[in-house]
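What follows is a short report on a single structure.
Proteins get letters first, then strands, A, B, ... in listed order; numbering begins at 1 in each.
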2 protein chains.
Amino acid sequence: MEDIDRQIVRLLARDGRMSWTDLGRATGLSTSAAQQRVRRLEQRGVLTGYAAVVDAEAVGLPLTAFISLTPIDPSAPDDAPERLAGLPEVEACHSVAGQESYILKVRVASPGALESLLATIRARAGVSTRTTIVLSTPYEARPPEV
Amino acid sequence: MEDIDRQIVRLLARDGRMSWTDLGRATGLSTSAAQQRVRRLEQRGVLTGYAAVVDAEAVGLPLTAFISLTPIDPSAPDDAPERLAGLPEVEACHSVAGQESYILKVRVASPGALESLLATIRARAGVSTRTTIVLSTPYEARPPEV
DNA sequence: GATGAAACGGATGAGCA
DNA sequence: TGCTCATCCGTTTCATC
């Protein structure tokens with residue numbers, strides 16, 4: 001990837017609403033050249049979308065946790081991600097190497113909500129769970145150094 | 001929070017570059033009313049920014065891992081987050097309850113890069129590490145159900 | 001990749017409920 | 001306080017070189 005493209009990715013990762021004009025100014029390109037670069041980066045799948053960053057606490061989800069999943073029946077088909085995709089509390093699902101099969105990141109309103117979410121996860125996916133509660137988050141979702 | 005604000009947050013979480021005009025159309029508001037709502041949500045800290053979503057693989061960081069940290073000297077001041085903030089590979093740092101003190105999420109180019117990153121982390125923060133490598137990510141950074 | 005023109009969206013202030 | 005409307009200016013988009 002070219003250096004200008006790296007710059008564009010870095011700038012848009014920090015301010016996703018930046019105008020193509022400002023992007024051009026920052027990279028020494030005309031507005032339309034900057035826009036073309038962005039379109040190409042989108043088409044190549046480098047930029048997959050734009051999102052507002054939402055403060056989970058401010059929207060009533062102050063409790064974050066990581067939940068590791070272990071299938072109870074190792075011979076059963078492993079479709080935990082699909083079975084859990086419908087739960088809005090589940091922000092991320094990673095398949096991992098190691099003792100456990102998956103790591104989920106979840107956001108809930110309260111310990112009680114976490115308790116019932118865990119019950120739902122166990123029932124739906126046929127897994128046992130190990131939960132690690134997040135106390136604070138010094139930083140999160142920092143843009144990658146491209 | 002009002003229902004219209006919830007709608008706005010949900011829409012902007014899915015498309016952070018949506019125009020205020022479209023946002024107004026989707027919520028039954030005028031352009032400037034929608035814009036005012038967004039400004040207020042920003043000021044109240046509900047919306048903390050806008051970011052392009054970058055495909056880590058596409059920018060040469062195909063390897064994701066979670067690293068749990070345990071301080072070697074429990075009596076030493078615990079400033080691991082600050083000590084590691086300068087490492088661009090570290091995307092997130094959470095302080096957690098449980099056996100370990102912190103969970104990091106990191107993105108690197110290769111197993112070799114992970115190896116040297118681990119050495120750096122241990123040296124800089126005075127911790128022992130436990131690494132869980134991500135094999136695949138069925139989903140990630142799904143917007144919260146506000 | 002740059003330029004220029006037309007269409008569009010964003011910002012702002014006045015007026016109103 | 002929060003909305004609409006009108007207006008101005010910057011931005012986006014597209015054709016063209």
Side-chain angles (χ1 to χ4, degrees), chain A residues 1-62 88 107 109 140-146, chain B residues 1-61 140-146:
Chain A
M1 191 163 53
E2 257 183 276
D3 190 56
I4 287 193
D5 286 332
R6 306 188 108 78
Q7 269 189 273
I8 288 176
V9 169
R10 201 176 318 129
L11 289 163
L12 283 177
R14 270 162 236 282
D15 179 6
R17 283 190 79 93
M18 202 173 182
S19 75
W20 309 147
T21 304
D22 286 345
L23 210 51
R25 274 198 272 269
T27 54
L29 257 50
S30 70
T31 301
S32 45
Q35 187 194 18
Q36 272 184 50
R37 294 265 190 169
V38 173
R39 291 276 164 269
R40 259 178 256 135
L41 288 166
E42 287 170 354
Q43 281 165 9
R44 285 167 44 200
V46 178
L47 299 175
T48 60
Y50 303 87
V53 183
V54 180
D55 184 322
E57 265 195 62
V59 296
L61 299 169
R107 305 241 193 219
E140 187 178 14
R142 299 199 314 171
E145 187 69 17
V146 291
Chain B
M1 191 163 53
E2 255 184 278
D3 189 57
I4 286 192
D5 286 331
R6 306 188 108 77
Q7 268 188 274
I8 288 176
V9 170
R10 202 176 318 129
L11 288 163
L12 283 177
R14 270 162 238 278
D15 179 6
R17 282 192 81 95
M18 201 172 181
S19 75
W20 309 147
T21 304
D22 286 346
L23 210 52
R25 273 197 272 269
T27 54
L29 257 50
S30 69
T31 301
S32 42
Q35 187 194 17
Q36 277 183 45
R37 293 266 189 169
V38 173
R39 290 277 165 271
R40 259 176 256 136
L41 288 166
E42 288 170 355
Q43 281 167 8
R44 285 165 44 198
V46 178
L47 299 176
T48 59
Y50 303 88
V53 183
V54 180
D55 185 323
E57 266 194 63
V59 296
L61 300 169
E140 188 177 14
R142 301 199 311 171
E145 186 70 18
V146 292

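- Residue Arg44(B) contributes atom CZ, which lies 14 Å from atom P of dT1(D) at whole-angstrom precision.
- Each end of the helix from dG1(C)-dC17(D) to dA17(C)-dT1(D) gets its own axis, taken as the rotation carrying the C1' atoms of four end pairs onto the next four within a five-pair window, and the two axes meet at 30° to the nearest 10 degrees.
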Legend entry - From CA spacing to verdict: salt bridge (Lys or Arg N to Asp or Glu O under 4.0 Å), Asp22(A), Arg25(A): CA-CA 5 Å; Asp22(A) 286 345; Arg25(A) 274 198 272 269; 3.0 Å; yes
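- A distance of 5.5 Å separates CZ of Arg44(A) from CG of Asp5(A), quoted to the nearest 0.5 Å.
- Two residues are said to be in side-chain contact when any heavy atoms from C-beta on lie closer than 4.5 Å; Leu47(A) and Val53(B) fail this criterion.
- Between dT3(C), dT4(D), dA11(C), one nucleotide has an atom nearer to the side chain of Ser30(A) than all others, and that is dT3(C).
- If you measure from atom CD of Gln43(B) to atom C1' of dG2(D), you get 14 Å, rounded to the nearest angstrom.
- Rounded to a whole Å, the CD atom of Gln35(B) is 15 Å from the C1' atom of dC8(C).
- Inter-residue side-chain proximity for Met18(A) and Val38(A) is flagged as unmet; no heavy-atom pair is nearer than 4.5 Å.
- Under the 4.5 Å side-chain criterion, counting only non-hydrogen atoms from C-beta, Val146(A) is not in contact with Val46(A).
- Separation of atoms CZ (Arg142(B)) and CZ (Arg14(B)) is listed at 9.0 Å; rounding is to 0.5 Å.
- Judged by distance alone, with hydrogens and angles left aside, the side-chain atoms of Arg107(A) form no donor-acceptor pair with the main-chain N or O of Pro88(A) at under 3.5 Å.
- Less than 4.0 Å separates DNA chain C from at least one heavy atom of each of the following residues of residues 13-29 of chain B: Ser19(B), Trp20(B), Thr21(B).
- To the nearest 0.5 Å, atom CD of residue Gln35(B) and atom OG1 of residue Thr21(B) are 9.0 Å apart.
- Once rounded to the nearest 0.5 Å, the distance linking CG of Leu23(B) with CG of Leu12(B) reads 5.0 Å.
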Taking only nitrogen or oxygen atoms into account, show me every contact under 3.5 Å that the protein makes with nucleotides 13-17 of chain C, one pair per line with its distance.
none

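- Rounded to the nearest 0.5 angstrom, Thr48(A) OG1 and Glu57(B) CD are separated by 11.5 Å.
- Atom pair Arg39(A):CZ and dG1(C):C1' shows a separation of 17 Å (rounding to whole Å applied).
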Inset, instruction - Assess whether side-chain hydrogen bond (donor to acceptor under 3.5 Å, both in side chains) is satisfied between Gln43(A) and Arg39(A), documenting all intermediate values. - result: CA-CA 6 Å; Gln43(A) 281 165 9; Arg39(A) 291 276 164 269; over 6 Å; no
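- In this structure, Arg40(B) does not reach the dT1(D) phosphate: none of its side-chain N or O atoms is under 4.0 Å from OP1 or OP2.
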